[in-house]
Amino acid sequence: MAAMTSSGVGRVGVIGGGQLAWMMGDAAKRLGLQLMVQTPSEADPATDVAAELVLAQVDDAAATATLAQQCDVITFENEFVDLAALKVLEDQGVVFAPPLRAIAPILDKYDQRSFYQSIGVPTPRFQAISLASEIDVNFGFPVVLKARRHGYDGYGTFICKTLVELEEILQRPGRSWLLEEFVPFERELAVMAARGRSGEMALYPVVESQQENQVCRRVYALDEFVGGVAGQVEAIAHQILTALNYVGVLGIELFLTANGRVLVNEIAPRVHNSGHYTLDASTTSQFEQHLRAVTGLPLGSTAMTCAGAVMVNLLGFESSASDYAELRQQLAAIPQAHVYWYGKAESRPGRKLGHVTVCLQVGQNRSEAEAIARRVEAIWYG
Ligand code: ADP
(Lines give C-alpha, C1' and ligand atoms only; values in the text may rest on other atoms or scores of the structure.)
Protein backbone atom coordinates (compact mmCIF):
# COMPACT_ATOMS: atom_id res chain seq x y z
CA MET A 1 0.00 0.00 0.00
CA ALA A 2 1.17 3.54 -0.70
CA ALA A 3 2.21 5.65 2.24
CA MET A 4 -0.53 8.06 3.26
CA THR A 5 0.06 11.68 2.35
CA SER A 6 -0.31 14.33 5.04
CA SER A 7 -3.93 14.59 3.91
CA GLY A 8 -4.52 10.92 4.77
CA VAL A 9 -5.14 9.98 1.15
CA GLY A 10 -2.86 7.41 -0.46
CA ARG A 11 -4.93 5.72 -3.16
CA VAL A 12 -6.57 7.65 -5.96
CA GLY A 13 -9.09 6.00 -8.27
CA VAL A 14 -9.16 7.42 -11.79
CA ILE A 15 -12.15 6.88 -14.06
CA GLY A 16 -10.67 6.69 -17.56
CA GLY A 17 -7.28 5.31 -18.59
CA GLY A 18 -6.24 7.38 -21.60
CA GLN A 19 -3.23 9.64 -21.98
CA LEU A 20 -4.49 12.11 -19.39
CA ALA A 21 -4.45 9.46 -16.67
CA TRP A 22 -1.12 8.15 -17.98
CA MET A 23 0.44 11.59 -17.54
CA MET A 24 -0.62 11.58 -13.87
CA GLY A 25 1.75 8.64 -13.33
CA ASP A 26 4.98 10.52 -12.58
CA ALA A 27 3.29 13.03 -10.33
CA ALA A 28 1.58 10.24 -8.38
CA LYS A 29 4.94 8.61 -7.78
CA ARG A 30 6.46 11.88 -6.62
CA LEU A 31 3.59 12.47 -4.20
CA GLY A 32 3.68 8.88 -2.91
CA LEU A 33 0.20 8.08 -4.26
CA GLN A 34 -1.08 4.93 -5.93
CA LEU A 35 -3.34 5.22 -8.98
CA MET A 36 -6.17 2.70 -9.43
CA VAL A 37 -7.58 2.99 -12.93
CA GLN A 38 -10.98 2.08 -14.40
CA THR A 39 -10.65 1.72 -18.15
CA PRO A 40 -12.04 -0.66 -20.79
CA SER A 41 -8.86 -2.14 -22.25
CA GLU A 42 -5.51 -3.39 -21.02
CA ALA A 43 -4.01 -1.63 -24.01
CA ASP A 44 -5.07 1.82 -22.76
CA PRO A 45 -2.16 4.21 -22.03
CA ALA A 46 -2.66 4.52 -18.24
CA THR A 47 -2.51 0.79 -17.59
CA ASP A 48 1.29 1.29 -17.49
CA VAL A 49 1.08 3.55 -14.44
CA ALA A 50 -1.79 1.88 -12.58
CA ALA A 51 -1.14 0.01 -9.34
CA GLU A 52 -4.51 -1.73 -9.87
CA LEU A 53 -6.84 -1.94 -12.85
CA VAL A 54 -10.59 -2.30 -13.06
CA LEU A 55 -11.27 -3.29 -16.65
CA ALA A 56 -14.63 -1.73 -17.50
CA GLN A 57 -16.20 1.07 -19.49
CA VAL A 58 -16.03 4.49 -17.84
CA ASP A 59 -19.83 4.65 -17.43
CA ASP A 60 -19.97 1.28 -15.64
CA ALA A 61 -20.89 2.40 -12.12
CA ALA A 62 -20.85 -1.17 -10.76
CA ALA A 63 -17.18 -1.26 -11.73
CA THR A 64 -16.68 2.12 -10.02
CA ALA A 65 -18.14 0.56 -6.84
CA THR A 66 -15.37 -2.06 -7.06
CA LEU A 67 -12.80 0.68 -7.69
CA ALA A 68 -14.10 2.57 -4.66
CA GLN A 69 -13.32 -0.37 -2.38
CA GLN A 70 -9.62 0.10 -3.19
CA CYS A 71 -9.46 3.92 -3.08
CA ASP A 72 -9.61 6.86 -0.73
CA VAL A 73 -10.89 9.23 -3.40
CA ILE A 74 -12.09 8.87 -7.01
CA THR A 75 -11.41 11.38 -9.75
CA PHE A 76 -12.07 11.66 -13.49
CA GLU A 77 -9.95 11.80 -16.60
CA ASN A 78 -13.06 11.25 -18.70
CA GLU A 79 -16.46 12.75 -17.98
CA PHE A 80 -18.62 10.37 -20.01
CA VAL A 81 -19.90 8.80 -16.80
CA ASP A 82 -23.32 7.72 -15.55
CA LEU A 83 -23.87 10.49 -13.03
CA ALA A 84 -27.12 9.17 -11.54
CA ALA A 85 -25.54 5.79 -10.82
CA LEU A 86 -22.44 7.42 -9.30
CA LYS A 87 -24.67 9.55 -7.09
CA VAL A 88 -25.87 6.36 -5.38
CA LEU A 89 -22.24 5.58 -4.52
CA GLU A 90 -21.61 9.12 -3.30
CA ASP A 91 -24.66 8.86 -1.03
CA GLN A 92 -23.12 5.67 0.39
CA GLY A 93 -19.96 7.58 1.31
CA VAL A 94 -17.69 7.21 -1.74
CA VAL A 95 -15.64 10.41 -2.09
CA PHE A 96 -15.47 11.91 -5.57
CA ALA A 97 -13.23 14.88 -6.37
CA PRO A 98 -14.42 16.99 -8.05
CA PRO A 99 -17.66 16.25 -6.18
CA LEU A 100 -20.55 15.11 -8.38
CA ARG A 101 -22.55 18.30 -7.83
CA ALA A 102 -19.62 20.21 -9.37
CA ILE A 103 -19.58 18.15 -12.54
CA ALA A 104 -23.37 17.85 -12.88
CA PRO A 105 -23.77 21.13 -14.85
CA ILE A 106 -20.86 20.24 -17.16
CA LEU A 107 -21.69 16.85 -18.65
CA ASP A 108 -24.37 18.13 -21.03
CA LYS A 109 -23.41 21.03 -23.33
CA TYR A 110 -26.86 22.64 -23.00
CA ASP A 111 -26.67 22.47 -19.19
CA GLN A 112 -23.19 24.00 -19.40
CA ARG A 113 -24.40 27.00 -21.39
CA SER A 114 -27.36 27.40 -19.00
CA PHE A 115 -24.95 27.33 -16.06
CA TYR A 116 -22.77 30.13 -17.51
CA GLN A 117 -25.90 32.16 -18.17
CA SER A 118 -27.12 31.62 -14.60
CA ILE A 119 -23.87 32.96 -13.10
CA GLY A 120 -23.50 35.80 -15.61
CA VAL A 121 -20.48 34.44 -17.48
CA PRO A 122 -20.56 35.48 -21.17
CA THR A 123 -21.19 32.57 -23.55
CA PRO A 124 -22.52 32.28 -27.14
CA ARG A 125 -26.31 32.53 -27.61
CA PHE A 126 -27.82 29.05 -27.57
CA GLN A 127 -30.97 26.96 -27.50
CA ALA A 128 -31.96 23.31 -27.18
CA ILE A 129 -33.37 22.09 -30.49
CA SER A 130 -34.92 18.98 -32.02
CA LEU A 131 -36.50 20.35 -35.23
CA ALA A 132 -35.05 22.85 -37.69
CA SER A 133 -38.32 24.81 -37.51
CA GLU A 134 -37.46 25.67 -33.87
CA ILE A 135 -34.33 27.58 -34.86
CA ASP A 136 -33.99 31.04 -33.34
CA VAL A 137 -34.05 33.26 -36.43
CA ASN A 138 -31.79 35.78 -34.75
CA PHE A 139 -28.83 33.43 -34.97
CA GLY A 140 -28.52 33.61 -38.78
CA PHE A 141 -26.24 31.20 -40.64
CA PRO A 142 -23.81 29.63 -40.15
CA VAL A 143 -24.96 28.05 -36.88
CA VAL A 144 -23.24 25.46 -34.74
CA LEU A 145 -25.06 22.27 -33.85
CA LYS A 146 -23.64 20.15 -31.04
CA ALA A 147 -24.60 16.81 -29.59
CA ARG A 148 -25.49 17.63 -25.99
CA ARG A 149 -23.47 14.72 -24.63
CA HIS A 150 -20.40 12.66 -25.47
CA GLY A 151 -18.86 15.09 -27.96
CA TYR A 152 -15.07 15.47 -28.02
CA ASP A 153 -12.40 16.69 -30.44
CA GLY A 154 -15.16 18.01 -32.69
CA TYR A 155 -17.00 14.67 -32.91
CA GLY A 156 -20.61 15.70 -32.42
CA THR A 157 -20.02 19.35 -33.46
CA PHE A 158 -21.28 20.53 -36.86
CA ILE A 159 -20.96 23.96 -38.40
CA CYS A 160 -24.05 24.26 -40.64
CA LYS A 161 -24.04 26.84 -43.39
CA THR A 162 -27.63 26.26 -44.54
CA LEU A 163 -31.00 25.14 -43.23
CA VAL A 164 -30.78 22.05 -45.43
CA GLU A 165 -27.54 20.96 -43.78
CA LEU A 166 -29.03 21.59 -40.35
CA GLU A 167 -32.18 19.59 -41.14
CA GLU A 168 -30.14 16.68 -42.45
CA ILE A 169 -28.19 16.37 -39.18
CA LEU A 170 -31.23 16.87 -36.95
CA GLN A 171 -32.90 13.92 -38.66
CA ARG A 172 -30.18 11.56 -37.44
CA PRO A 173 -31.71 9.46 -34.68
CA GLY A 174 -30.72 9.05 -31.07
CA ARG A 175 -29.17 12.38 -30.06
CA SER A 176 -30.35 15.55 -28.35
CA TRP A 177 -28.93 18.75 -29.72
CA LEU A 178 -27.72 22.17 -28.68
CA LEU A 179 -27.83 24.92 -31.29
CA GLU A 180 -25.68 28.00 -30.91
CA GLU A 181 -24.60 31.07 -32.77
CA PHE A 182 -21.40 30.77 -34.79
CA VAL A 183 -18.81 33.01 -33.13
CA PRO A 184 -16.39 34.51 -35.68
CA PHE A 185 -13.66 34.50 -33.07
CA GLU A 186 -10.31 36.12 -33.57
CA ARG A 187 -8.62 33.40 -31.55
CA GLU A 188 -9.32 30.71 -28.97
CA LEU A 189 -7.87 30.97 -25.49
CA ALA A 190 -7.66 28.49 -22.65
CA VAL A 191 -6.70 28.44 -19.01
CA MET A 192 -6.16 25.65 -16.53
CA ALA A 193 -7.65 26.52 -13.15
CA ALA A 194 -7.25 24.68 -9.87
CA ARG A 195 -9.16 24.78 -6.60
CA GLY A 196 -8.17 22.90 -3.48
CA ARG A 197 -10.38 21.28 -0.88
CA SER A 198 -10.20 24.30 1.38
CA GLY A 199 -11.16 26.69 -1.40
CA GLU A 200 -7.73 28.06 -2.36
CA MET A 201 -7.37 28.73 -6.09
CA ALA A 202 -4.41 28.77 -8.47
CA LEU A 203 -4.51 29.66 -12.15
CA TYR A 204 -1.98 28.81 -14.83
CA PRO A 205 -1.10 31.39 -17.48
CA VAL A 206 -3.76 32.04 -20.14
CA VAL A 207 -2.74 30.42 -23.44
CA GLU A 208 -3.81 30.50 -27.07
CA SER A 209 -5.12 27.20 -28.34
CA GLN A 210 -5.40 26.68 -32.10
CA GLN A 211 -7.77 24.09 -33.54
CA GLU A 212 -8.04 22.72 -37.05
CA ASN A 213 -11.14 20.78 -38.01
CA GLN A 214 -12.24 21.38 -34.42
CA VAL A 215 -9.28 19.46 -32.98
CA CYS A 216 -6.54 21.15 -30.97
CA ARG A 217 -3.37 21.36 -33.06
CA ARG A 218 -1.16 23.61 -30.95
CA VAL A 219 -1.00 25.71 -27.80
CA TYR A 220 1.12 28.82 -27.23
CA ALA A 221 1.93 29.78 -23.65
CA LEU A 222 3.33 33.25 -24.23
CA ASP A 223 1.74 36.59 -23.27
CA GLU A 224 1.95 37.94 -26.81
CA PHE A 225 -0.64 35.39 -27.92
CA VAL A 226 -3.26 36.34 -25.38
CA GLY A 227 -4.42 39.70 -26.75
CA GLY A 228 -4.30 41.58 -23.43
CA VAL A 229 -7.36 39.88 -21.97
CA ALA A 230 -5.68 37.65 -19.36
CA GLY A 231 -7.35 39.64 -16.54
CA GLN A 232 -10.83 39.07 -18.01
CA VAL A 233 -10.15 35.35 -18.42
CA GLU A 234 -8.81 35.03 -14.87
CA ALA A 235 -11.90 36.73 -13.42
CA ILE A 236 -14.12 34.27 -15.33
CA ALA A 237 -12.04 31.31 -14.11
CA HIS A 238 -12.33 32.39 -10.48
CA GLN A 239 -16.06 32.90 -10.89
CA ILE A 240 -16.58 29.41 -12.36
CA LEU A 241 -14.41 27.62 -9.77
CA THR A 242 -16.23 29.38 -6.95
CA ALA A 243 -19.74 28.85 -8.35
CA LEU A 244 -19.09 25.12 -8.79
CA ASN A 245 -17.39 24.79 -5.39
CA TYR A 246 -14.91 22.88 -7.47
CA VAL A 247 -12.10 20.60 -6.29
CA GLY A 248 -9.34 19.67 -8.74
CA VAL A 249 -8.08 21.05 -12.03
CA LEU A 250 -10.56 22.42 -14.57
CA GLY A 251 -9.84 23.27 -18.23
CA ILE A 252 -11.60 26.37 -19.57
CA GLU A 253 -11.81 27.08 -23.32
CA LEU A 254 -12.82 30.54 -24.52
CA PHE A 255 -13.39 32.59 -27.65
CA LEU A 256 -11.84 36.04 -28.04
CA THR A 257 -13.78 38.18 -30.53
CA ALA A 258 -12.37 40.94 -32.72
CA ASN A 259 -13.83 43.61 -30.40
CA GLY A 260 -12.09 42.16 -27.32
CA ARG A 261 -15.03 40.21 -25.88
CA VAL A 262 -14.30 36.95 -24.10
CA LEU A 263 -16.95 34.18 -24.22
CA VAL A 264 -16.66 30.79 -22.55
CA ASN A 265 -16.94 27.96 -25.06
CA GLU A 266 -16.65 25.00 -22.74
CA ILE A 267 -15.09 23.63 -19.61
CA ALA A 268 -13.68 20.19 -18.90
CA PRO A 269 -13.76 18.90 -15.31
CA ARG A 270 -10.29 17.42 -15.47
CA VAL A 271 -6.77 17.95 -16.73
CA HIS A 272 -6.81 19.08 -20.33
CA ASN A 273 -4.86 19.15 -23.59
CA SER A 274 -4.33 22.91 -23.31
CA GLY A 275 -2.36 22.32 -20.08
CA HIS A 276 0.08 19.70 -21.33
CA TYR A 277 2.83 22.32 -21.60
CA THR A 278 2.85 22.53 -17.77
CA LEU A 279 4.66 19.17 -17.62
CA ASP A 280 7.84 20.83 -18.87
CA ALA A 281 7.30 24.56 -18.47
CA SER A 282 5.73 24.97 -15.02
CA THR A 283 6.85 24.53 -11.44
CA THR A 284 3.89 22.22 -10.80
CA SER A 285 2.34 20.34 -13.73
CA GLN A 286 -1.43 20.30 -14.15
CA PHE A 287 -1.29 16.55 -13.39
CA GLU A 288 0.47 17.05 -10.06
CA GLN A 289 -1.82 19.99 -9.28
CA HIS A 290 -4.91 17.88 -9.87
CA LEU A 291 -3.62 15.10 -7.62
CA ARG A 292 -2.69 17.65 -4.97
CA ALA A 293 -6.16 19.19 -5.07
CA VAL A 294 -8.14 15.95 -4.98
CA THR A 295 -6.07 14.47 -2.16
CA GLY A 296 -6.24 17.61 -0.02
CA LEU A 297 -2.57 18.58 -0.34
CA PRO A 298 -1.69 22.28 -0.68
CA LEU A 299 -1.69 23.51 -4.27
CA GLY A 300 1.70 23.98 -5.93
CA SER A 301 3.08 27.06 -7.67
CA THR A 302 1.79 27.62 -11.22
CA ALA A 303 4.78 29.81 -12.16
CA MET A 304 6.52 29.00 -15.41
CA THR A 305 10.10 27.74 -15.30
CA CYS A 306 10.93 29.14 -18.73
CA ALA A 307 10.01 32.19 -20.80
CA GLY A 308 7.13 30.49 -22.59
CA ALA A 309 6.18 27.25 -24.30
CA VAL A 310 4.85 25.82 -27.55
CA MET A 311 2.89 22.57 -27.42
CA VAL A 312 2.08 20.72 -30.63
CA ASN A 313 -0.21 17.69 -30.72
CA LEU A 314 0.95 14.71 -32.74
CA LEU A 315 -2.28 13.71 -34.46
CA GLY A 316 -2.63 10.52 -36.48
CA PHE A 317 -2.53 11.10 -40.25
CA GLU A 318 -3.13 7.51 -41.45
CA SER A 319 -4.32 4.14 -40.20
CA SER A 320 -1.22 2.35 -39.04
CA ALA A 321 0.34 0.29 -36.27
CA SER A 322 3.68 2.14 -36.57
CA ASP A 323 5.25 3.61 -33.45
CA TYR A 324 6.93 6.31 -35.59
CA ALA A 325 10.20 5.87 -33.68
CA GLU A 326 12.26 7.64 -36.34
CA LEU A 327 10.02 10.70 -36.51
CA ARG A 328 10.00 10.90 -32.74
CA GLN A 329 13.79 10.87 -32.70
CA GLN A 330 13.86 13.80 -35.11
CA LEU A 331 11.42 15.69 -32.91
CA ALA A 332 13.47 14.99 -29.79
CA ALA A 333 16.50 16.55 -31.52
CA ILE A 334 14.82 20.00 -31.57
CA PRO A 335 16.48 22.13 -28.86
CA GLN A 336 14.40 22.31 -25.63
CA ALA A 337 11.88 19.78 -27.00
CA HIS A 338 10.11 17.21 -24.82
CA VAL A 339 8.35 14.45 -26.73
CA TYR A 340 5.48 12.44 -25.22
CA TRP A 341 4.22 9.30 -26.92
CA TYR A 342 1.02 7.80 -25.58
CA GLY A 343 1.77 4.24 -26.76
CA LYS A 344 -1.59 3.69 -28.49
CA ALA A 345 -1.69 0.43 -30.42
CA GLU A 346 -3.19 2.00 -33.54
CA SER A 347 -2.96 5.31 -35.31
CA ARG A 348 -6.01 6.78 -37.06
CA PRO A 349 -6.39 10.14 -38.80
CA GLY A 350 -7.03 12.83 -36.17
CA ARG A 351 -6.28 10.58 -33.18
CA LYS A 352 -4.10 12.11 -30.47
CA LEU A 353 -0.97 9.93 -30.42
CA GLY A 354 1.42 12.16 -28.53
CA HIS A 355 2.58 15.73 -28.14
CA VAL A 356 5.73 17.82 -28.14
CA THR A 357 6.44 20.77 -25.86
CA VAL A 358 9.26 23.15 -26.70
CA CYS A 359 10.31 25.51 -23.89
CA LEU A 360 11.11 29.04 -25.02
CA GLN A 361 14.06 31.11 -23.91
CA VAL A 362 14.01 34.74 -22.82
CA GLY A 363 13.72 36.94 -25.88
CA GLN A 364 12.02 34.36 -28.12
CA ASN A 365 8.94 36.04 -29.51
CA ARG A 366 5.74 35.18 -31.29
CA SER A 367 7.24 34.59 -34.73
CA GLU A 368 9.96 32.35 -33.30
CA ALA A 369 7.34 30.36 -31.38
CA GLU A 370 5.32 29.95 -34.58
CA ALA A 371 8.44 28.86 -36.47
CA ILE A 372 9.05 26.18 -33.83
CA ALA A 373 5.48 24.86 -34.24
CA ARG A 374 5.93 24.79 -38.03
CA ARG A 375 9.18 22.86 -37.63
CA VAL A 376 7.52 20.25 -35.41
CA GLU A 377 4.61 19.89 -37.83
CA ALA A 378 6.91 19.68 -40.86
CA ILE A 379 8.73 16.75 -39.27
CA TRP A 380 5.55 15.02 -38.14
CA TYR A 381 3.19 15.54 -41.08
CA GLY A 382 5.93 15.79 -43.74
P1 ADP B 1 -15.65 19.44 -28.43
O2 ADP B 1 -16.33 19.14 -27.13
O3 ADP B 1 -15.86 18.42 -29.47
O4 ADP B 1 -14.20 19.84 -28.25
P5 ADP B 1 -16.23 22.25 -28.83
O6 ADP B 1 -17.49 22.86 -28.41
O7 ADP B 1 -15.03 22.60 -28.02
O8 ADP B 1 -16.42 20.70 -28.99
O9 ADP B 1 -15.91 22.67 -30.32
C10 ADP B 1 -14.72 22.31 -30.99
C11 ADP B 1 -14.22 23.49 -31.79
O12 ADP B 1 -15.24 23.91 -32.72
C13 ADP B 1 -13.92 24.73 -30.97
O14 ADP B 1 -12.64 24.68 -30.40
C15 ADP B 1 -14.05 25.81 -32.04
O16 ADP B 1 -12.89 25.86 -32.84
C17 ADP B 1 -15.22 25.32 -32.87
N18 ADP B 1 -16.49 25.87 -32.34
C19 ADP B 1 -17.25 25.33 -31.38
N20 ADP B 1 -18.33 26.11 -31.10
C21 ADP B 1 -18.25 27.18 -31.91
C22 ADP B 1 -19.04 28.36 -32.09
N23 ADP B 1 -20.17 28.55 -31.42
N24 ADP B 1 -18.62 29.25 -33.02
C25 ADP B 1 -17.48 29.06 -33.73
N26 ADP B 1 -16.70 27.97 -33.61
C27 ADP B 1 -17.06 27.04 -32.70
Side-chain angles (χ1 to χ4, degrees), residues 16 18-20 58 76-81 103 105-117 121-129 135-136 138-162 165-166 169 172 175-192 206-220 225-227 233 236 240 250-259 261-276 311-313 315 348-352 355:
Q19 64 266 19
L20 299 177
V58 294
F76 308 89
E77 78 108 56
N78 179 312
E79 61 274 29
F80 299 157
V81 293
I103 67 166
I106 301 177
L107 304 190
D108 174 308
K109 286 180 192 274
Y110 176 79
D111 294 345
Q112 255 196 60
R113 292 254 177 274
S114 307
F115 164 68
Y116 307 135
Q117 200 173 45
V121 161
T123 198
R125 288 178 297 159
F126 67 100
Q127 65 171 126
I129 190 170
I135 183 171
D136 181 333
N138 292 322
F139 286 2
F141 281 92
V143 287
V144 184
L145 189 65
K146 295 180 176 178
R148 287 176 57 163
R149 284 216 63 189
H150 299 124
Y152 71 102
D153 286 350
Y155 297 109
T157 291
F158 303 89
I159 297 175
C160 301
K161 294 198 190 70
T162 64
E165 265 179 56
L166 178 69
I169 297 165
R172 297 180 193 174
R175 292 197 115 164
S176 345
W177 299 99
L178 162 72
L179 185 78
E180 59 189 40
E181 66 174 316
F182 177 83
V183 179
F185 54 80
E186 190 202 272
R187 66 186 90 167
E188 290 185 86
L189 303 175
V191 67
M192 299 308 304
V206 181
V207 299
E208 177 174 0
S209 145
Q210 297 183 346
Q211 341 298 316
E212 281 174 27
N213 298 322
Q214 294 150 32
V215 182
C216 176
R217 286 290 289 258
R218 53 197 91 81
V219 167
Y220 293 102
F225 285 84
V226 177
V233 172
I236 289 173
I240 291 174
L250 177 81
I252 308 179
E253 297 177 83
L254 313 100
F255 298 132
L256 174 62
T257 66
N259 60 6
R261 270 194 88 207
V262 172
L263 307 172
V264 171
N265 175 28
E266 66 169 356
I267 56 183
R270 52 172 165 77
V271 290
H272 190 261
N273 198 170
S274 54
H276 287 357
M311 191 286 311
V312 179
N313 274 336
L315 302 178
R348 285 193 304 272
R351 194 172 194 206
K352 288 174 180 164
H355 75 264

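One is the number of the first residue; the rest follow in order along the sequence. First listed ligand is number 1; within each ligand, the first listed atom is number 1.
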Legend entry - Residues R218, E212; criterion salt bridge (Lys or Arg N to Asp or Glu O under 4.0 Å); working and verdict: CA-CA 9 Å; R218 53 197 91 81; E212 281 174 27; 2.8 Å; yes
Inset, instruction - Can you tell me which residues line ligand 1 if we count any heavy atom under 4.0 angstrom from one of its atoms, in chain and number order? - result: K109, V144, K146, G151, Y152, D153, G154, T157, E180, E181, F182, V183, F185, E188, Q211, Q214, F255, N265, E266
Inset, instruction - Using atom types as modelled and distance alone, determine if a side-chain donor or acceptor of E253 lies under 3.5 Å from a backbone N or O of N265. - result: no
Inset, instruction - With sequence neighbours left out, write down each residue that passes salt bridge (Lys or Arg N to Asp or Glu O under 4.0 Å) with E266, or none if nothing qualifies. - result: K109
Inset, instruction - State, to 0.1 Å, how close I129 and L178 come at their nearest heavy-atom pair, and which atoms those are. - result: CG2-C, 4.5 Å
Legend entry - Residue list, ring pair (Phe, Tyr, Trp, His ring centres under 6.0 Å) with Y116, at least two apart or on another chain: none
Legend entry - salt bridge (Lys or Arg N to Asp or Glu O under 4.0 Å) against R187, all qualifying residues, sequence neighbours excluded: none
